[in-house]
> 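Questions regarding the structure given below will be posed in turn.
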4 protein chains.
Amino acid sequence: MIQITTGDSRPVFQQIVDGFRMQVATGELLPGTKLPSTRGLAMQLTVNPNTVAKAYSALTAEGLIESRQGVGVFVCEPRQQLSYEERRRRLDTAIQQLVTTVITLGFEPDEILDALEKELAPLLRKSS
Amino acid sequence: MIQITTGDSRPVFQQIVDGFRMQVATGELLPGTKLPSTRGLAMQLTVNPNTVAKAYSALTAEGLIESRQGVGVFVCEPRQQLSYEERRRRLDTAIQQLVTTVITLGFEPDEILDALEKELAPLLRKSS
Amino acid sequence: MIQITTGDSRPVFQQIVDGFRMQVATGELLPGTKLPSTRGLAMQLTVNPNTVAKAYSALTAEGLIESRQGVGVFVCEPRQQLSYEERRRRLDTAIQQLVTTVITLGFEPDEILDALEKELAPLLRKSS
Amino acid sequence: MIQITTGDSRPVFQQIVDGFRMQVATGELLPGTKLPSTRGLAMQLTVNPNTVAKAYSALTAEGLIESRQGVGVFVCEPRQQLSYEERRRRLDTAIQQLVTTVITLGFEPDEILDALEKELAPLLRKSS
DNA sequence: GTGGTCTAGACCACG
DNA sequence: GTGGTCTAGACCACT
C-alpha cells in the first residue's frame, strides 16, 4: 500500500504522509475508507509505531483523515478548508522552491514545464 | 541584498545559498563580482559568521563561487559540473516533490503549469 | 578505521574525508554499510563532533554517502554525478599539481610513472 | 615571466613559487641568473611586495635561489640537498594525494598514467 | 581584514 | 541516540 524507501531523502513519516496524500488525490483511497491501525501499519512497514502515529497526526491536522475514537482512522470527505489566498500562497511557495533548486541545472523552461506536465498527467481526476 | 526570514522553514544558511543562487542565475550578480565578506554579511544579517561561511562553502562546492584566501569570495564563470543524468535526476526529484506538495491544494494542472511558467519567464538568460 | 595524523598538512576533516573515500573506492566499505555515528567517531578520534559532521557533509555533497535523520549515515550506491568535462578538468588539475610538487625532487619521469602505477594497482575495482 | 591567475585555487605566493620552480626545472632559468627585485616583480605582477617576499623566502628555504646582500637574488647551482629517503617520501606523499583526489572520478589507471606521461614529457631535460 | 579550521556547547527533528 | 543547525569564540594562513 505504502512504499518506504530507505534511500529516500524524506524522513519515514513524511513518506507515509505523501503516500496517503497521493492515494487520496488519485482516488485510490475513497472518502470513508478505513485506514490500517497505527500498530498494524507500523508492523507491516516495519517502522516504529511512533512514526506512523506522527504521520496520521499530520494527515489529521491537514484534514485529510479523521480518527473516530475506538473505531479507527478514516479518509474524510473532501472539503477545501483553506482559503483561496492560502492555497495560492502555498502553491507559489512550492513553485519558488522548485525554481531555486532547478535554476542552476541549466534546463530550458520548456524542458521543466514538460517534465511537470508529464508528472501531472495521471492526476487529472482530482480537480475538485 | 539577501533577505533572511525567521519564519521561513528553510535554515538560515540555506536562505543565503538560495538568495545568491537566484542572483547569480538572474544575472544580478555577474562573474567576477566580489561577494560581501563573511564577517561583513554576518554582521549585516545579524547571524553568526560561521553560518555565512557554511553558505559560502556550499556555494563553492556547487561551483557557483570561489574564494581566495585573504582576498574575498567571487562569482565564478558559469560552468556545468554535473552530468546530464545527474541534472535530470535532480529535476525529476524536485518536480515530484512539488507535485506531492500541491496535490492536495485542489488546483487544476493548467493552473500549476501557468504559475510555473510565470515564475520561469524572467529567468530566460543563463538557461543555456 | 580512520587514521588522524596531527603532523599532516591536511586539515582533520579532510583526513576523514580522504580516509572514507579510499575505503569506499577500494571496496572496503560497500554500498549500504552504516558509517560510525558523528558523535561516536568524534569520540574515537578525540576530535569535535562538528569536525566529523563537516567531513560527513562534504562526503554527502560528493554523493558518496547519504544520511538519514535519526538513523545514521550510509554508503551510497556508486553514481557518477560529474560530467566528463568536469572530471577531466579535475584530473588535469591534480596531475599538474603533482608535477609542480615533484619537479624539483630530481626523479626520472619513469620513476614517477612507476610509483603512480604501483599506487594505482590495488584499485582496479570500481574504476569503471 | 610569471603568470598570476586570479581564478587559481593556489594562493598568489604559491603561484610565484611554482612558476619559478617550473622555469628552473625546464632550464628556462639557468643557475646564476638574476631574478627581478622583490619590489620590481611585485609591481610587474601588481601584487603586494610582501607576497613576492614570501615566495622568494620559500624558494630560498628550498635551496633553489639565494639572495646576495645588496646585489640581488640569483638562481642557485643545482645541488640535491635532500637524502634519497626524503625525496622518495615526498614523491610517495604527492602521489598518494593525487590518487585520493582522483580515485572517485572513475578513470581507468591507464588514462591517469597517460595524462601524467603527457604532463611529464616536456620536462625530460631536468633529470639531474 | 580576508577566508579556513577547530572547539565547546546548545537546541531541534527524527525514530 | 541519530543527524542538522546555530552561536560564540579562538587560532592560523594569506594579502
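Computed from heavy atoms alone, side chains included, the values below leave out hydrogens, waters and symmetry copies. These numbers come from a predicted model, not from an experiment. In what follows, chains are A, B, ... by sequence order, proteins preceding strands, each numbered from 1.
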> Looking at residues 8-23 of chain B, who's got a heavy atom less than 4.0 Å off DNA chain E?
none
> Does a donor on one side chain sit under 3.5 Å from an acceptor on the other, for D:Asp92 and D:Gln96?
no
> Is there a side-chain contact (heavy atoms from CB on, under 4.5 Å) between A:Asp18 and A:Gln14 once you walk through the steps?
CA-CA 6 Å; A:Asp18 288 348; A:Gln14 188 67 54; 3.2 Å; yes
> Determine, step by step, whether B:Val75 and B:Gln23 satisfy the side-chain contact (heavy atoms from CB on, under 4.5 Å) criterion, reporting the C-alpha distance in whole Å, the side-chain angles of both residues, the deciding distance to 0.1 Å, and the verdict.
CA-CA 10 Å; B:Val75 177; B:Gln23 290 188 15; over 6 Å; no
> Are the side chain of A:Ser67 and the backbone of A:Gly72 linked by a donor-acceptor contact shorter than 3.5 Å?
no
> Taking only residues two or more places apart in sequence, or in another chain, which ones meet D:Cys76 in a side chain to side chain contact (heavy atoms under 4.5 Å, CB included)?
D:Glu66, D:Arg79
> Tell me which of C:Pro36 and B:Val71 sits closer to the 5' end of DNA chain F, going by the nucleotide each one is nearest to.
C:Pro36
> Where along residues 41-67 of chain C does a heavy atom come under 4.0 Å from DNA chain E, residue by residue in number order?
C:Val47, C:Asn48, C:Asn50, C:Thr51, C:Lys54
> Could you list all the side chain to side chain donor-acceptor pair (under 3.5 Å) pairs where at least one residue sits in residues 55-64 of chain B, not counting sequence neighbours?
B:Arg21-B:Glu62
> Tell me if a side-chain donor or acceptor on C:Arg68 pairs with a main-chain N or O of A:Thr6 at a distance below 3.5 Å.
yes
> Find the runs of at least 3 consecutive base pairs, i with j, i+1 with j-1 and so on, that include DNA chain F, using Watson-Crick or G-U wobble geometry with both distances under 3.5 Å.
E:1-14 with F:1-14
> Salt bridge between A:Glu86 and A:Arg89, side-chain N to carboxylate O under 4.0 Å?
yes
> Scan B:Val73, B:Leu35, B:Leu41 and name whichever one has a side chain to side chain contact (heavy atoms under 4.5 Å, CB included) with B:Val52.
B:Leu41
> To the closest 0.5 Å, what do you measure between CD1 (D:Ile16) and CD1 (D:Ile2)?
7.0 Å
> Extract, from 5' to 3' on DNA chain F, the first and final nucleotides lying under 4.0 angstrom from some heavy atom of chain B.
F:dT5 to F:dT15
> Any side-chain to backbone donor/acceptor pair from A:Arg87 onto B:Leu105? Under 3.5 Å, distance only.
yes
> How far apart are the C-alpha atoms of B:Thr101 and A:Gln97, what are their side-chain angles, what is the distance that settles it, and do they pass the side-chain contact (heavy atoms from CB on, under 4.5 Å) test?
CA-CA 11 Å; B:Thr101 309; A:Gln97 188 187 334; over 6 Å; no
